[in-house]
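One structure is given here, and the rest of the page talks about it.
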Amino acid sequence: MKIEVYFSVYHTLHNPPFELSRGKQQEYFENSQRLKNILKILEQDPEVFEIHPNFSTNVPDIKEVHSEKLLKFYAEISKYLSDDDYHIPDTFAVPKISLLPEDITKRSGYFCFDSATPITRRTFSASLNAASTVVKAARKILTDKNKIVYAAVRPPGHHAGKDYFGGYCYLNNSALGAHVLSKKGRVAILDIDYHHGNGTQEIFYDSDRVFFVSLHANPAYAFPYFWGYPEEIGEGPGEGWNLNIVLEDDADNRAYLQKLGYALDAISKKDIDYLIISLGVDTLFSDPVGGMMLTEHIFEEMGREISKLKLPTLIVQEGGYDLTQVGKCVLNFLTGFLG
Ligand code: Q9C
Ligand code: ZN
């Protein structure tokens, strides 16, 4: 069997010069080398990976996932910034504040929740291209349910909410894909990035059309800190449709597979038609941003276990920052998935 790979060709347009993390100026970990490394490895096996570049930035229904004021903000700040400029908010609105500053350079703190997510002139274009790639990939799943489709995209998406951005994410790619699929059936999103997918959780928190299941490091000490606890189970019709499974930083392959087993069990107990995997490989022991104790081989095992759900599956790239290993981890996952 083949895996169709869709990739966001304009990802290189998003290339901020640095990030602020723990109060310090650091290299931008979510850089274009990540995706280049992944594609380079997948290109080596054209028998298995059928690679389709996506040049579109068209995202129909984007307003059903993100607020108009967030999109308007992106459009305006893109126009404001010159070519090698970058913007990092320095003053953040607490959630209760609803006033929106007129000045575009002061408005970012209303939408952004961390200091590691700079905006450049082309950030919005690159993000639209990533989102558009995932929507295209989701449509492919609808027309051919036997397909396994992998969306090789950046910037990633799972930290971006309806009305906010952060954690290297601007538009929620997986949520946009889930939105497309949820019109035709029930969807489960399995988020295996090291970090909790707070944005995806928020977008579907009151929905019983999309079951969000996330395995991640304990938010007591791991980003995004304010979300990701097991007590967060969804609300209204969505109650019971949000599942957070917490791991510790010392989690090894065994501990991880055990908890993945719980997640897969929970998904198989619901009547799910489509699966989206938010694939972060920043659980690798050597990852400079995340990092549990997982080794690269475990990703193959993870893919194999998840494939046993036998669901039409869309795999969406999220984190993974060890530039020498990210491609190998993704390859292992996809190989495992094929069985
Ligand atoms: N060192 C994704 O993996 N910075 N986002 C953490 C503490 C933000 C990660 C700061 C990490 C965001 C998609
Ligand atoms: Zn992550």
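Worth knowing before you read on, the calculation uses all heavy atoms, side chains too, and leaves out hydrogens, waters and symmetry mates.
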Test side chain to side chain contact (heavy atoms under 4.5 Å, CB included) applied to N244 and H196, step by step: CA-CA 8 Å; N244 286 326; H196 177 246; 3.0 Å; yes
Verify side chain to side chain contact (heavy atoms under 4.5 Å, CB included) between Y80 and R121, making sure each step is shown before the conclusion. CA-CA 8 Å; Y80 168 82; R121 184 178 173 83; over 6 Å; no
Taking 4.0 angstrom as the limit, do D90 and K106 come out as a salt bridge? no
If we ignore angles and hydrogens, is there a donor and acceptor under 3.5 Å between the side chains of T105 and D103? yes
Transitively linked via ILVMFWY side-chain contacts under 4.5 Å: I62 with V65? yes
May I have all residue pairs that pass side chain to side chain donor-acceptor pair (under 3.5 Å) and include part of residues 325-339, sequence neighbours excluded? K328-N332
Kindly assign one of parallel, tilted or perpendicular to the pair H52 and Y6, based on the angle between their ring planes and the thresholds 30° and 60°. parallel
Would you indicate whether the side-chain heavy atoms of D191 and L215 approach each other to under 4.5 Å? no
Centroid separation under 6.0 Å, is that true for the rings of F49 and Y150? no
Tell me whether the NZ or CZ atom of K270 lies within the 45° cone about the ring axis of F211 and under 6.0 Å from its centre. yes
Please tell me if the side chains of L176 and D61 come closer than 4.5 Å, counting only heavy atoms from C-beta onward. no
I'd like to know if V187 and I272 are part of one continuous hydrophobic network [Ile/Leu/Val/Met/Phe/Trp/Tyr, side-chain heavy atoms within less than 4.5 Å]. no
Note, S8 side chain near N129 side chain (heavy atom, < 4.5 Å): yes
May I ask you to check whether F223 and H159 place their ring centers less than 6.0 Å from one another? yes
Between the side chains of R34 and E30, is the shortest nitrogen-to-carboxylate-oxygen separation below 4.0 Å, so that they form an ion pair? yes
So, T200 and N172: side-chain donor and acceptor under 3.5 Å apart, yes or no? yes
K162 meets the side chain to side chain donor-acceptor pair (under 3.5 Å) criterion, sequence neighbours left out, with none
For residues F333 and E300, determine if any side-chain heavy atom of one lies less than 4.5 Å from a side-chain heavy atom of the other. no
Residues passing the salt bridge (charged side-chain N to carboxylate O under 4.0 Å, His left out) test with R209, sequence neighbours excluded, are none
Any side-chain heavy-atom pair from H158 and Q201 closer than 4.5 angstrom? no
Side chains of Y194 and D287: does their closest heavy-atom pair fall under 4.5 Å? no
Shortest non-hydrogen separation from F285 to T295 and the atoms involved: CD2-CA, 4.3 Å
With sequence neighbours excluded, residues passing ring pair (Phe, Tyr, Trp, His ring centres under 6.0 Å) with F7: none
Taking the six-membered ring for Trp and the full ring for Phe, Tyr or His, determine whether the centres of H14 and Y170 are under 6.0 Å apart. yes
Once ring pair (Phe, Tyr, Trp, His ring centres under 6.0 Å) is applied, do any residues pair with Y321, and if so which ones, sequence neighbours excluded? Y168
Where S21 and A116 come nearest, the two heavy atoms and their spacing: OG-CB, 3.9 Å
Side-chain touch I104/R107, heavy atoms, less than 4.5 angstrom: yes
Mind jotting down which residue pairs meet the salt bridge (Lys or Arg N to Asp or Glu O under 4.0 Å) criterion with at least one end in residues 163-173? Sequence neighbours excluded, please. K69-D163
Atom pairs and distances, side-chain donor-acceptor, residues 257-269, under 3.5 Å, sequence neighbours left out:
unit_1	atom_1	unit_2	atom_2	d
K259	NZ	V246	O	3.2
S268	OG	L264	O	3.2
S268	OG	D265	O	2.8

Set of residues satisfying ring pair (Phe, Tyr, Trp, His ring centres under 6.0 Å) with respect to Y10, sequence neighbours excluded: none
Determine whether V59 and L128 make a side-chain contact, defined as any pair of heavy atoms from C-beta on separated by less than 4.5 Å. yes
Would E43 and K40 pass as an ion pair if we require N to O under 4.0 Å? no
Would you give the length of the straight line joining atom CD of Q317 to atom OG1 of T133, rounded to the nearest 0.5 angstrom? 13.0 Å
So, for I189 and S278, which heavy atoms are closest and what is the spacing to 0.1 Å? CG2-OG, 4.2 Å
Using the ring pair (Phe, Tyr, Trp, His ring centres under 6.0 Å) criterion, which residues pair with F212? Sequence neighbours excluded. none
Centre-to-centre under 6.0 Å for F111 and F165, is that the case here? no
Just jot down the salt bridge (charged side-chain N to carboxylate O under 4.0 Å, His left out) partners of D208, sequence neighbours excluded, or say none. R186
Name all residues meeting the salt bridge (charged side-chain N to carboxylate O under 4.0 Å, His left out) criterion together with D144; count only those two or more places apart in sequence or in a different chain, and write none if there are none. K147
Residues two or more places apart in sequence or in another chain: which of them pass salt bridge (charged side-chain N to carboxylate O under 4.0 Å, His left out) with K184? none
Can you tell me if E232 and Y205 form a side-chain donor-acceptor pair at under 3.5 Å? no
Show the numbers, then the answer: is there a side chain to side chain contact (heavy atoms under 4.5 Å, CB included) between V316 and L279? CA-CA 6 Å; V316 178; L279 173 64; over 6 Å; no
Closest non-hydrogen atom pair between V326 and V281, with its separation: CG2-CG2, 3.7 Å
